Amino acid sequence: MSGDPTSSMGFTLKIWRQSAPDAKGTMETYHVADVSPDMSFLEMLDVLNESLIGEGREPVAFDHDCREGICGACSLVIDGQAHGPETETTVCQLHMRHYSDGATIHIEPFRANAFPVLKDLVIDRSAFDRIIAEGGFISTHTGSAPDANAITVAKDLAERAMDAAACIGCGACVAACPNSAAMLFVGAKVSHLALLPQGQAERNRRGLAMVARMDQEGFGNCTNHFECMAACPKGISVENIARLNRELLRGALAPRRV
Amino acid sequence: MVEASKRLSSKAPRGPIAERWDKHRFNMKLVNPSNKRRFHVLVVGSGLAGASAAASLAELGYKITCFCIQDSPRRAHSIAAQGGINAAKNYPNDGDSVYRLFYDTVKGGDFRARESNVYRLAQISNSIIDQCAAQGVPFAREYGGALSNRSFGGAQVSRTFYARGQTGQQLLLGAYSSLMRQVGLGKVSMFPRREMLDVVVVDGVARGIVCRNLTTGAYERYAGDAVLLCTGGYGNVFYLSTNAKACNVTASWRAHKRGAFFANPCFTQIHPTCIPVSGSHQSKLTLMSESLRNDGRVWVPKRAEDGRAARDIPEEERDYYLERRYPSFGNLVPRDVASRAAKERCDAGYGVGSTGLAVYLDFRDAIRRDGQDLIRQKYGNLFQMYEKITAEDPYSAPMRIFPAVHYTMGGLWVDYNLESTLPGLFVLGEANFSDHGANRLGASALMQGLADGYFVAPYTIAGHFTGRPLPAVSADAAEFLASESEVRGRTEKILGVGGRRTVDSFHRELGGIMWHLCGMARSADGLNRAREQVQTLRAEFWENVTISGSGASLNQDLEHAGRVADFLEFAELMIDDAAHRCESCGGHFREEHQTEDGEARRNDDKFSYAAAWEYRGVGSAAKLHKEALEFEYVKPSQRSYK
Ligand SMILES: Cc1cc2nc3c(=O)[nH]c(=O)nc-3n(C[C@H](O)[C@H](O)[C@H](O)COP(=O)(O)OP(=O)(O)OC[C@H]3O[C@@H](n4cnc5c(N)ncnc54)[C@H](O)[C@@H]3O)c2cc1C
Ligand code: FES
């Protein structure tokens, strides 16, 4: 199905509008015309916003930056699915050719207690940063590193660490989870570091510290729905949650200094 | 000979080049460890340069406050870098060395960079890889567990380290994790969703910034003892580029207005292999790795405006123009040459696709020769990305590609310490002009951003703290209040225009002007027209722009308007710089200055200098200062790819 730039589509959009964090939001209906099948979903929203601004109305606020699926900024729930219908695709990489002309599309923000709405479709995901600050790192002082090849890493371990490290921190896993759990996000980071020899020294405390913070931030518990993996635009596997659970057990059983 | 300006002292040490950085560090005064916490550093930006600097300075004991536009420091534009990062490790044992990396970078920059800086960059490159590996960056590995390398343009050795096609992401997440560790320890205060709108100067020294809180719309004043600008490049002056949408010139431009000279603003890099524009709705462009040119053949039809599908065009009616013009390098000519050749064909009416602004990159012959499986192994992920965006299968029909703006070599002028002409204001990463001259080699931007942040600024900033009296200042001082009211006034002025034209349409038009008249090829006449058009557009902006909503809350339209207003001023400086440099070098191609075969012709006698511009008011010509460039080690030569 090649994009025919001369063809133009139109849609009815039902979009969550909320003027401020503590304001009451509602779904509002808009019509957008002159959409080319080659447009990305966000470019379709650009068209809507240009017309709203032209009419002196406030454009719809949504987060975005790289528009190529890597920064993790874009964060829309489309017709009930985080990042929309295409697998392993962020909403900025979703193209309108996947929709049929005249369709009605519902657009909402990622929803979770830990991700309060700031405005329209823009949410506050700073809880993720606070979880990382609690243990999502290897404590190394700039300048103190040994020669990079002094630490060898088996190729398959490096590959698996990279699979986990590919997380873009968008929060789709949280939005997709019926419990708003952040276990895939935390599991991915803990796995990335636990798999590597460099990550061993802090292994026993890392998972426990991050999960404690996760609980404090108001994320829910994992009850194995695996919706997170289905929604993840980077295909991060729930194996990482299993590994996180093993890391937690390991941490809990580790001898501790008093 | 170039007459050097007395206002610019590079502070580059003399003596044997390999000893300069050591000597410089030894001669620098140190800050006593217990005194470090008394110095407060404001780091603007959290990309590779900002995150690495903030983390390293905090580790040293300085008090740090860090700012970024995105909702998290992890989302800085550095995250999008794909290909890799260079270092002179010589792990493959193929003859690399610090000197060779230095040599390649000076030459690749077409002899418009400062030798001392480039040498230091090459020296530091190895420590960067060590640092990142220790942080847990999952670099590609060999079966034995050692780090893997690949080759990149402009070098004959394999010195590029990579993490799949996501090297920037992994390096940034490494720097971000170090930064967040310091946040957790209470050594760094992190303020996301903030946009710096001014540098505050007290007694001639940069002592703070004014930001707009992008969530609440509030103006915030921060005082400190030094300001580090790590705010990235300005490629979005062209509207369409491979840069993320929030990339801007605002931070650099506002600092420029406060006294920081802007160097070589016209030096921009246009990357030849990007997915072409598909229509007027396009909001940004996507890069396709240049490695594709190893197997793909670039062509256009021999007949202008040939409407047939690629497959229906017989072999003898295809023009493999790179192979025709550059028989020895063929499809593998450097980025700037490949980009200009594509533009030339499209301008002449031979472009393909619905817009006519694309050329074919064809794998037919490679697939015939090597089989589809091998091509899939080599480029599968790129082919998939292409298909996702265009809905076309590149195995059965050639890809369409076109050059796109990618990187800006120009930036705020800095000395060897990375300090700008505004004392106390340091500039790191893509925001400065320092190491790439007129053209950047692939995989060198990540290296430079991290060199600046991990290993240069943390030392050189000490000179500022030990060398200048820095009496305590408060963010309520008159200078801060004055700056806030100026910034507030500008925002209110934008909101008050109440015209009929959207910000985006101004930005698109500006981008069009810059792309056509100050892009891949420039001429005196075109630049004069560009200047007039930019002036007219800027005047219209201030009479006819319309913004929805207010300044008292999250307002993305208003944010965009502020950035476009600055681009409209900055564009004129870029044009002036391009107009004054009557030579072609690196990414800067002046049509009047080419050889008979259409190749770039440098003029070392007249232009072997960095052009640093001093601000003298909007619409008034900036004043040119020259930093003469001396080449003691790498003797300038002309490039040829025939
Ligand atoms: C698609 C693509 C691929 C690339 N691939 C490679 C590669 O393979 N190898 C390579 O070496 N280079 C590559 N580059 C270039 C490289 O990625 C960049 O040059 C580099 O990452 C810039 O880093 P930085 O830290 O200077 O700036 P950035 O990463 O752009 O960070 C800028 C920071 O400043 C903040 N900021 C900006 N303005 C303001 C303001 N006014 N107020 C507050 N904060 C502000 C932003 O929020 C952000 O945190 C690539 C570039 C692109 C576009
Ligand atoms: S905008 Fe960056 S991932 Fe979608």
Side-chain angles (χ1 to χ4, degrees), chain A residues 1-3 5 20 36 38-39 43 46-47 50 52-54 56-59 61 63-68 70-73 93 97 118-119 122 125-126 128-129 132-134 136-142 145-149 151-155 158 161-162 165-166 169 192-193 196 198-199, chain B residues 55-56 59 70-72 74-75 77 79-80 91 127 129-131 133-136 138-147 163-164 166 169-170 173 177-178 180-181 183-184 192 215 244-246 278-279 281-284 286 354 388 390-392 454 458 502 504 546 548-549 553-554 556-557:
Chain A
M1 180 173 45
S2 173
S36 138
D38 283 336
M39 282 182 192
E43 286 169 344
D46 291 343
V47 171
E50 282 289 285
L52 289 177
I53 295 167
R57 296 157 78 190
E58 266 207 61
D63 262 327
H64 64 95
D65 199 17
C66 73
R67 296 198 174 200
E68 52 185 66
I70 192 73
C71 74
Q93 291 282 74
R97 64 180 80 95
L118 296 175
K119 183 170 185 172
V122 177
R125 284 171 287 194
S126 53
F128 270 10
D129 290 326
I132 297 292
E134 216 60 56
F137 48 75
I138 289 169
S139 300
T140 170
H141 190 100
T142 303
D147 183 88
N149 262 349
I151 320 161
T152 54
V153 182
K155 191 177 170 68
M162 179 64 216
H192 157 211
L193 299 177
L196 294 172
Q198 303 93 304
Chain B
S56 303
E59 288 169 10
Q70 291 78 9
D71 66 327
S72 162
R74 68 179 288 152
R75 300 198 213 286
H77 166 59
I79 202 93
Y91 286 156
S127 307
I129 301 304
D130 299 342
Q131 165 75 8
Q135 282 171 337
F139 283 122
R141 300 270 169 175
E142 302 295 342
Y143 281 103
L147 290 162
R164 292 197 189 142
Q166 291 124 278
Q169 178 197 29
Q170 294 309 317
L173 292 182
S177 70
S178 291
M180 292 318 289
R181 173 169 167 254
V183 170
T215 312
K245 294 295 282 180
S278 68
H281 60 267
Q282 190 103 15
S283 61
K284 87 156 284 228
T286 303
S354 58
K388 205 173 233 175
T390 63
E392 285 169 19
Y454 283 133
T502 63
D504 208 54
T546 174
S548 292
S553 70
L554 194 155
Q556 293 168 322
D557 198 27

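Residue numbers begin at 1 in each chain, while the letters A, B, ... track the order of the sequences. Keep in mind that this is a model prediction, so the values were computed, not measured. These values consider heavy atoms only, across backbone and side chains, with no hydrogens, waters or symmetry-generated copies.
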Under 4.5 Å to a heavy atom of chain A? For Thr215(B) that would be side chain
Taking all non-hydrogen atoms of both residues into account, name the closest pair between Pro59(A) and Asp557(B) and its distance.
-> CG-CB, 4.4 Å
Proximal component of Ile53(A), with respect to chain B [non-hydrogen, under 4.5 Å] | both
Closest heavy-atom contact between Ser283(B) and Asp46(A)?
-> CB-OD2, 3.7 Å
With respect to chain B, which residue among Leu52(A), Asp147(A), Leu118(A) yields the maximal number of heavy-atom pairs within a distance under 4.5 Å?
-> Asp147(A)
For Phe137(A) and Ser177(B), the nearest pair of non-hydrogen atoms, with its separation, is CB-O, 3.6 Å
Examine whether an atom of Glu43(A) lies under 4.5 Å from a heavy atom of chain B, and if so say whether it belongs to the side chain, the backbone or both; otherwise answer neither.
-> side chain
Looking at Val122(A), Ile151(A), Ile70(A), Ile138(A), which makes the most heavy-atom pairs under 4.5 Å with chain B?
-> Ile70(A)
Of the listed residues (Asp65(A), Leu196(A), Asp63(A)), which shares the most heavy-atom pairs with chain B below a 4.5 Å separation?
-> Asp65(A)
So what's closer than 4.5 Å to chain A heavy atoms on Tyr91(B): side chain, backbone, both or neither?
-> side chain
Sort out for me which of Met180(B), Arg141(B), His77(B) touches chain A most, counting heavy-atom pairs under 4.5 Å.
-> Arg141(B)
If you tally heavy-atom pairs under 4.5 Å against chain A, which of Asp504(B), Val183(B), Thr546(B) wins?
-> Asp504(B)
Greatest number of heavy atom pairs closer than 4.5 Å to chain B - which of Ala161(A), Pro146(A), Gly54(A) = Pro146(A)
Can you check whether Gly136(B)'s main-chain N or O pairs, donor with acceptor, with His192(A)'s side chain at less than 3.5 Å?
-> yes
Side chain / backbone / both / neither for Ala166(A) at chain B, heavy atoms under 4.5 Å | both
When rounded to the nearest 0.5 angstrom, what is the spacing between SG in Cys66(A) and NZ in Lys284(B)?
-> 6.0 Å
The interface call for Ser126(A) against chain B, heavy-atom contacts under 4.5 Å, is neither
Any idea which heavy atoms bring Glu58(A) and Ser548(B) closest together, and the distance?
-> CA-CB, 3.9 Å
Any side-chain donor paired with an acceptor under 3.5 Å for Ser72(B) and Arg125(A)?
-> no
Heavy-atom closest pair (Glu142(B) atom, Leu147(B) atom, distance to 0.1 Å) is CG-O, 4.0 Å
CD-CE distance between Gln166(B) and Met162(A), expressed to the nearest 0.5 angstrom | 4.0 Å
Against chain A, work out which of His281(B), Arg75(B), Lys245(B) has the most heavy-atom pairs shorter than 4.5 Å and name it.
-> Arg75(B)
With only heavy atoms counted, which part of Gln131(B) is less than 4.5 Å from chain A, the side chain, the backbone, both or neither?
-> both
Among Lys119(A), Lys155(A), His64(A), Arg57(A), who wins on heavy-atom pairs under 4.5 Å with chain B?
-> Lys155(A)
Go through the atoms of Asp71(B) and report whether side chain, backbone, both or neither lie under 4.5 Å from a heavy atom of chain A.
-> both
What part of Gln135(B) is in contact with chain A, defined as an atom under 4.5 angstrom from a non-hydrogen atom: side chain, backbone, both or neither?
-> both
Would you give the length of the straight line joining atom NZ of Lys388(B) to atom CD of Glu68(A), rounded to the nearest 0.5 angstrom?
-> 12.0 Å
Leu173(B), part contacting chain A, at a heavy-atom distance under 4.5 Å | side chain
Return the minimal non-hydrogen interatomic distance between Ile129(B) and Ala148(A), and the atom names on each side.
-> CG2-CB, 3.8 Å
Pair Ser278(B), Gln282(B): side-chain N/O donor-acceptor within cut-off below 3.5 Å | yes
Given that the side chain runs from C-beta out, which part of Gln70(B) has a heavy atom under 4.5 Å from chain A: side chain, backbone, both or neither?
-> side chain
